[in-house]
Amino acid sequence: MTVNTIRRTLIKSGAAIAATSLAAPWVRAAGGDTFKIGYVSPQTGPLAAFAEPDAFTLEQVRKAVAGGLVSGGKKFAVEIIYKDSQSNPNRAGAAAAELILRDKVDLVVASSTPATTNPVADQCELNGVPCITNDAPWQPYFFGRKGDPKAGFEWTYHFFWGLEDIIGAYASLWSKIPTSKVVGGLWPNDEDGNAWGDGKMGFPPVLAAKGFKVVDRGRFQSPINNFSSFISAFKGAGVDIVTGVVPPPDFANFWNQAGQQGFRPKIVTVAKATEFPASIAAFGERANGLTVELMWSPAHPFKSSLTGQTSRQLADAYTAASGKQWTMPLGFKHSLFELALDVLKRAGAKDPAAIRDAIRNSRLDTVVGPLDFRKGPVPNVAKTPLVAGQWQKRGKALDLVIVDNSQAPQIPVQAELLPIKYG
């Protein structure tokens, strides 16, 4: 989704926009001082599917702060400056630097994989600016930035699930139907892939301890056009389960080539690539049965602290406004601003240290679940619940339904796991 699309959406809603080629500052509530929030998101490039809910989210936030925000007994206007990371870590870091040094923001927020969150957080830590990020497993975020569990970071905070949650969810999911228990790994040479495929802290040692055999051909450079060597190795090893963390264009190449080369695994559970309705729609009937971790859905039993909407109401509102099926990042985009606005209310002033301390002491029930930065698992990180889902045919459409809740029993299962059916 482009900046121009966001601008057009906000203009139609009556927002006044002062736009540059890189930013879209938008309507301020009337009166007094202004809290400035900088927002970095991959509006373009291979991660653009993560930014699909941005226009809708920003419009909801605009309405919520139209009358101003009260902090420390004083009313503040709120301004959000929106920048595109272009799905590029270097650009994400540059965008954060612009927000800090040129736009003089009070708080930076960002989401959508370590390629966005890490360089943004690094710039904020370097410049002493409070930062909140999400939608990246906490290990690539924390250890990928060389975080020390004994010390943590001073200015940067993150909420999401961890590799322990997704490995547990995947292993439970894969045990629901008979397989060879041989797993083929697709882990690219990026922050996520290196963390997920790590021989000491990633998937391989934990899966081995759970009785799975992992076929790992090493990290590959993304983008990649030819997966023939992977498919050949997987077929030769008797792989029944394929997993990984792969951008949508790369997985499209793999899955199409798997079909052409007669590779028919019983379970395919690949993060990033199969999270989005628009991405899986391109596979037609071959999308039916794909599985993925499910970080948020309309069935999650939580509601927004900002709008009061339940998860179902938020999803329905998005569909009504956009004409599109709900998408997982919607809940996390919304919760990012839930927390940001709650923090600014509690900070009591524009002082960076006061905003930082408000984040550090956050305890908030959000549409993605309860957040509590005082619990860890490491400093600066709050955990959110994770389940697993499967794309299943419901009538003429595919719907992503919860099929495993072993890691978050408070979220109800909606259907049984089905093996992939091939024509």
Side-chain angles (χ1 to χ4, degrees), residues 1-3 5 40-54 84-92 110-119 135-137 140 166 184-197 216-234 242-261 263 265 267-295 324-325 327-330 332-333 389 391 398 400 420:
M1 184 172 292
T2 65
V3 173
T5 303
V40 182
S41 180
Q43 302 162 36
T44 57
L47 300 177
F50 283 90
E52 184 181 285
D54 281 356
D84 183 10
S85 74
Q86 301 172 13
S87 300
N88 182 293
N90 292 331
R91 179 60 211 145
S111 69
S112 309
T113 84
T116 311
T117 61
N118 290 18
D135 204 348
I166 195 167
L186 295 174
W187 294 307
N189 184 24
D190 61 18
E191 294 91 338
D192 270 334
N194 289 327
W196 293 41
D216 179 8
R217 298 194 67 258
R219 308 296 77 82
F220 61 85
Q221 201 62 42
S222 178
I224 178 173
N225 295 321
N226 191 342
F227 280 95
S228 294
S229 62
F230 287 84
I231 294 168
S232 177
F234 292 170
V242 174
T243 193
V245 53
V246 182
D250 287 343
F251 179 74
N253 289 334
F254 169 81
W255 196 224
N256 288 332
Q257 290 164 27
Q260 293 164 4
Q261 297 174 35
F263 176 47
I267 304 175
V268 176
T269 313
V270 177
K272 286 186 185 175
T274 60
E275 295 177 5
F276 313 105
S279 299
I280 65 101
F283 304 129
E285 290 298 321
R286 285 175 54 76
N288 191 15
L290 295 175
T291 50
V292 69
E293 79 281 359
L294 190 43
M295 56 195 181
K324 298 178 180 178
Q325 190 174 355
T327 180
M328 277 192 268
L330 171 63
F332 276 86
K333 300 287 186 173
W391 290 98
L398 282 173
L400 184 57
I420 296 175

Any side-chain heavy-atom pair of Pro137 and Trp196 under 4.5 Å: yes
Side chain to side chain contact (heavy atoms under 4.5 Å, CB included) between Asp190 and Gln221, intermediate numbers included: CA-CA 8 Å; Asp190 61 18; Gln221 201 62 42; over 6 Å; no
4.5 Å side-chain heavy-atom contact, Val242 and Ile267: no
Worked check of salt bridge (Lys or Arg N to Asp or Glu O under 4.0 Å) between Lys272 and Asp192: CA-CA 10 Å; Lys272 286 186 185 175; Asp192 270 334; 3.3 Å; yes
Arg217 to Ser229 - nearest heavy-atom pair and separation: NH1-OG, 3.1 Å
side-chain hydrogen bond (donor to acceptor under 3.5 Å, both in side chains) between Ser228 and Gln261, worked out: CA-CA 8 Å; Ser228 294; Gln261 297 174 35; 3.2 Å; yes
Exam field: side chain Asn256 to backbone Ala252, donor-acceptor pair closer than 3.5 Å: yes
Main-chain N/O of Ala92 paired to Gln86 side chain as donor or acceptor, under 3.5 Å: no
Worked verdict on Asp54 versus Lys333 for side chain to side chain contact (heavy atoms under 4.5 Å, CB included): CA-CA 7 Å; Asp54 281 356; Lys333 300 287 186 173; 3.2 Å; yes
Residue pair Glu191 / Asn118: nearest heavy atoms and the distance that separates them: CG-ND2, 4.4 Å
Heavy-atom donor-acceptor pair, Thr113 side chain to Ala115 backbone, under 3.5 Å: yes
Heavy-atom pair with the smallest gap, counting every atom of Ile420 and Asn288: CG2-O, 4.2 Å
Close side-chain approach of Asn226 and Gln257, heavy atoms under 4.5 Å: yes
For the student: nearest non-hydrogen atoms of Pro42 and Ala51, plus distance: O-CB, 3.4 Å
Donor-acceptor pair, side chain of Trp255 and main chain of Arg286, under 3.5 angstrom: yes
is_close_aromatic(Phe50, Phe276), centroid dist under 6.0 Å: yes
Thr243 vs Val270, side chain to side chain contact (heavy atoms under 4.5 Å, CB included): CA-CA, chis, key distance, verdict: CA-CA 5 Å; Thr243 193; Val270 177; 5.5 Å; no
Least distance between heavy atoms, Thr274 atom then Ile280 atom: CA-CG2, 3.8 Å
Pro46 versus Pro248, closest heavy-atom pair with distance: O-CD, 3.8 Å
Option among Phe254, Trp187, Phe220 that satisfies the ring pair (Phe, Tyr, Trp, His ring centres under 6.0 Å) test with Phe230: Phe220
Side chain to side chain contact (heavy atoms under 4.5 Å, CB included) evaluation trace for Leu47 with Ser112: CA-CA 8 Å; Leu47 300 177; Ser112 309; 5.7 Å; no
Aromatic ring proximity, centroids under 6.0 angstrom, Phe234 and Phe227: no
Beyond-backbone contact of Pro277 with Thr327, side-chain heavy atoms, under 4.5 angstrom: yes
Distance, nearest 0.5 Å, that separates OG of Ser279 from CG of Leu290: 11.0 Å
Check: Gln43 main-chain N/O paired with Ser41 side-chain donor or acceptor under 3.5 Å: no
Whether Asp135 side chain and Pro329 backbone form a donor-acceptor pair below 3.5 Å: no
CE on Met328 to CE on Met295, rounded to 0.5 Å: 5.5 Å
Test item: Thr291 side-chain N/O and Val268 main-chain N/O as donor-acceptor pair under 3.5 Å: yes
